[in-house]
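Every chain is numbered from 1 and lettered A, B, ... according to where its sequence line falls, protein lines coming before strand lines.
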2 protein chains.
Amino acid sequence: MTSRLEALCLEKGLKMTGQRRVISQVLSEADDHPDVEEVHRRAVRIDPRISIATVYRTMRLLEDAQVIERVDLGDGRARYEEATADHHHHLIDTRTGRIIEFASPELESMKERIARELGYKIVGHRLEIYGVPLDEDERP
Amino acid sequence: MTSRLEALCLEKGLKMTGQRRVISQVLSEADDHPDVEEVHRRAVRIDPRISIATVYRTMRLLEDAQVIERVDLGDGRARYEEATADHHHHLIDTRTGRIIEFASPELESMKERIARELGYKIVGHRLEIYGVPLDEDERP
DNA sequence: TCTGGGATTGCGAACGATTTTCAGTATGAT
DNA sequence: ATCATACTGAAAATCGTTCGCAATCCCAGA
C-alpha cells in the first residue's frame, strides 16, 4: 500500500527505496511533531535495518522536496510535520509539551504589513507561543 | 567604571570577577546580537585571559539572572541581547544578516487573544520574520 | 528477464556548538 | 590577612547532525 508521502515522492521523481517507503509511511501516519530520533524509532519498528543516518538524509531530502517542513521549537533538535498549504503556527504547552497548531489570517496580514513598513518582503517567518492552560475560572 | 550590566550583577548578588566585569562591559556596549564566540572575541580584546568556557558560563548566568536574553535566530547558535522590559521581535535580512528590531502592540494583543481562545495563558513567545529588502518601486 | 552504473545505504568518524570535569586560582565575608 | 567557597582555564565529553567510504540497491535499457 502506498502512503500519502510515498505518492508525493514518486511524483517528485525521487528514487523509491525500502527505507524511504518506511519513513514516508511513518511520517504519513504521524499526527504529532516527531524529531529525527522518534522517526527512526518508529521506522525501526517496521523495518529494523534502517539507520539513523538514513533517516537524517531522508528528512533533509523530503524537506528540500517540500514534502515535509522543519519546525524549530526551541529544544535543540529539529522536528517535522507534513507540509501544508496554509501557514500555521504552534502554541506549546510548557507543562505537557503538547503542541497546538493554529492559524490566523489577521496575524498573517499584520506581519506582512509590519515587514512592508520596514521596507521588507517576507521570505519566511515563524511564531511560537509558549503557554500554560488557563484556570477553570479564567476560561473564555 | 561600572557598566550597566555589572551594576545589575552586583544587585543580584553575583560574585564580581574580572572576567564577568569584562563580559558585562562587552554586552553593555553591544548594540547588536552577538553570539558567544563574538562576545569572546570582544572580551579577549579587553583582557586576553578569558576562556570561551567562561563566556559560555557567564552568558548562562546572566540569562538565568534575566540580565540578558537569548535570541534564537535559526542559525545554529545562541545570540544574545540585553533584557528589556518591552517585548519586541526580529526581522532578519536574509541577504545581509542584518537584524531589525520591531514592536507591535497590536501583535501582542492579537497573540494574547489567540492564546486565550485556545484556553492558554502566555508564558513566552517569539516571532521572527525573515525577509529581503523591497525593490525601489515597491516601497510604501 | 538480466545487467550496469549511478544513487543510496550503513557504519563509524567528524563536526560545531555547548557543557562538564577537574585541578588550580581568585573573591569577599570574617 | 585568612579561608571557605565560588570561579576559572584547558581539555575531554556530550548532543544533534553531517560526512566519507565501501557495500548494496534500484531501475532504464538490452
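- Both B:G18 and B:R60 lie close to DNA chain C; mapped to their nearest nucleotides by heavy-atom distance, the more 5′-ward contact belongs to B:R60.
- Within residues 47-56 of chain B, the residues having any heavy atom closer than 4.0 Å to DNA chain D are, in order of number, B:R49, B:I50, B:S51, B:T54.
- The side chain of A:Q19 places no N or O atom within less than 4.0 Å of a non-bridging phosphate oxygen (OP1 or OP2) of D:dC25.
- When hydrophobic clusters are built by joining Ile, Leu, Val, Met, Phe, Trp and Tyr residues whose side-chain heavy atoms come closer than 4.5 Å, directly or via intermediates, A:Y130 is not grouped with B:I122.
- Using a 4.5 Å cut-off between side-chain heavy atoms of Ile, Leu, Val, Met, Phe, Trp and Tyr, with links allowed through other members, A:I23 and A:V44 fall into different hydrophobic clusters.
- Scanning for side chain to side chain contact (heavy atoms under 4.5 Å, CB included) contacts around A:S109 gives an empty result, with sequence neighbours left out.
- Scored by the side chain to side chain donor-acceptor pair (under 3.5 Å) test, A:Y56 finds no partners at all (sequence neighbours excluded).
- Scanning residues 68-81 of chain A for heavy-atom distances under 4.0 Å to DNA chain C yields an empty list.
- Atom CZ of B:R20 sits about 8.0 Å away from atom CG of B:L62, to the nearest 0.5 Å.
- Around the CZ atom of B:R41, the shell of radius 6.0 Å holds more than 12 heavy atoms that belong to other residues, nucleotides or ligands.
- Once you apply a 4.0 Å limit to the heavy atoms of chain A, the touched nucleotides of DNA chain C run 5' to 3' over C:dG6 to C:dC11.
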List the atom pairs, donor and acceptor, that lie under 3.5 Å between side-chain atoms in residues 67-77 of chain A and the rest of the protein, sequence neighbours left out.
{"from": "A:R70", "atom 1": "NE", "to": "A:E63", "atom 2": "OE1", "distance (Å)": "3.4"}
{"from": "A:R70", "atom 1": "NE", "to": "A:E63", "atom 2": "OE2", "distance (Å)": "3.1"}
{"from": "A:R70", "atom 1": "NH2", "to": "A:E63", "atom 2": "OE1", "distance (Å)": "3.0"}
{"from": "A:D72", "atom 1": "OD1", "to": "A:G74", "atom 2": "N", "distance (Å)": "2.9"}
{"from": "A:D72", "atom 1": "OD2", "to": "A:R126", "atom 2": "NH1", "distance (Å)": "3.4"}
{"from": "A:D75", "atom 1": "OD2", "to": "A:R79", "atom 2": "NE", "distance (Å)": "2.9"}
{"from": "A:D75", "atom 1": "OD2", "to": "A:R79", "atom 2": "NH2", "distance (Å)": "3.2"}
{"from": "A:R77", "atom 1": "NH1", "to": "A:D35", "atom 2": "OD2", "distance (Å)": "3.0"}

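- With sequence neighbours left out, the side chain to side chain donor-acceptor pair (under 3.5 Å) criterion links A:E112 to no other residue.
- Between B:R57 and D:dG9 there is no side-chain N or O to OP1 or OP2 distance below 4.0 Å.
- Nearest heavy-atom pair, A:L127 versus A:L107, reported as atom, atom and distance to 0.1 Å: CD2-CD2, 3.2 Å.
- Checked against side chain to side chain contact (heavy atoms under 4.5 Å, CB included), A:I100 has the following partners two or more places apart in sequence or in another chain: A:L91, A:R98, B:L118, B:Y120.
- Every side chain to side chain contact (heavy atoms under 4.5 Å, CB included) that A:D64 has, sequence neighbours left out, goes to A:R60.
- Residues meeting the side chain to side chain contact (heavy atoms under 4.5 Å, CB included) test with A:E108, sequence neighbours left out: A:H87, A:H89, A:K111, A:H125.
- When rounded to the nearest whole Å, the span between CG of B:D64 and P of D:dA6 equals 16 Å.
- Atom CG in A:L10 sits about 11 Å away from atom P in D:dA28, given to the nearest Å.
- An end-to-end axis angle of 30° holds for the helix from C:dT1-D:dA30 to C:dT30-D:dA1, taken from five base pairs per end and rounded to 10°.
- For A:H90, the ring-ring contact (aromatic ring centres under 6.0 Å, His included) partners two or more places apart in sequence, or in a different chain, are A:H33, A:H88.
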